[in-house]
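Structure, as structure tokens:
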Amino acid sequence: KKGLDGEAEALRKMGKGIYAARDLAQGEMLTAENVCWKSPADGITAAKWDSVLGKTARVDIPEGTALTWEDLGGVICLGGLEKCRSLLRS
């Protein structure tokens, strides 16, 4: 479906993006405790939540900043998939 002219800005304002819930240090792993989703849908959309958790901050990210893929590095969680999932849920 193609949106109507002017609809994109309204959807961005009403949509949710992923933001730093507190100051994040370079190299810090992203968890449900240090990132959150809120409006507007700037940066990475909330639909990508599971893809963001477990990644690391490539740079220092101030609290309240909308995350972008350029801000994120690879996954640092070691010890198998189940261990990683349990760490991300805690």
Side-chain angles (χ1 to χ4, degrees):
K1 176 182 172 188
K2 184 173 177 168
L4 300 173
D5 290 341
E7 215 174 29
E9 181 61 17
L11 290 173
R12 185 191 72 79
K13 288 180 180 178
M14 292 185 298
K16 304 282 188 219
I18 301 176
Y19 289 77
R22 61 173 177 75
D23 290 341
L24 301 172
Q26 180 181 4
E28 186 172 352
M29 185 172 79
L30 305 183
T31 68
E33 285 71 42
N34 60 19
V35 295
C36 61
W37 44 270
K38 62 182 183 177
S39 294
D42 289 336
I44 302 170
T45 66
K48 300 294 184 182
W49 179 256
D50 289 336
S51 298
V52 168
L53 296 181
K55 294 211 179 288
T56 59
R58 185 174 288 165
V59 295
D60 291 338
I61 304 170
E63 179 179 350
T65 301
L67 301 183
T68 65
W69 293 114
E70 292 77 26
D71 295 332
L72 308 182
V75 176
I76 63 165
C77 184
L78 303 174
L81 185 58
E82 283 308 311
K83 182 173 182 178
C84 291
R85 284 184 179 150
S86 69
L87 288 171
L88 295 174
R89 283 191 289 257
S90 61

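Position 1 is the first residue of the sequence; numbering continues from there.
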Locate the shortest heavy-atom distance separating [X] from [Y]; write the atom from each residue and the value.
X	Y	value
A66	G43	CB-N, 4.3 Å
A46	W37	CB-CB, 3.8 Å
A25	A57	O-CB, 3.5 Å

Spacing of [X] atom [atom1] and [Y] atom [atom2] [to the nearest 0.5 Å]:
X	Y	atom1	atom2	answer
I44	E70	CD1	CD	8.0 Å
L53	E33	CG	CD	9.0 Å
R58	T68	CZ	OG1	9.0 Å
W69	S51	CH2	OG	5.0 Å

message: My understanding is that only one of T56, I18, L24 makes a side chain to side chain contact (heavy atoms under 4.5 Å, CB included) with L30; could you say which?
response: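 Result: among T56, I18, L24, L24 is the only option passing the side chain to side chain contact (heavy atoms under 4.5 Å, CB included) with L30.
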
- prompt: Would a 4.5 Å heavy-atom cut-off, applied to side chains only, mark D23 and I61 as touching?
  reply: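 D23 does not reach I61 side chain to side chain.
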
query: D60 versus Q26: any side-chain heavy-atom pair under 4.5 Å?
result: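 SC-SC contact between D60 and Q26 confirmed.
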
- prompt: With no hydrogens and no angle check, is any side-chain donor or acceptor of N34 less than 3.5 Å from a backbone partner on M29?
  reply: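 It does hold such a pair.
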
message: Membership question, hydrophobic clusters at under 4.5 Å side-chain separation (ILVMFWY): are L72 and Y19 in the same one?
response: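 Shared cluster, no.
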
task: List the steps and the verdict of salt bridge (Lys or Arg N to Asp or Glu O under 4.0 Å) for E28 and R22.
output: CA-CA 12 Å; E28 186 172 352; R22 61 173 177 75; 2.4 Å; yes

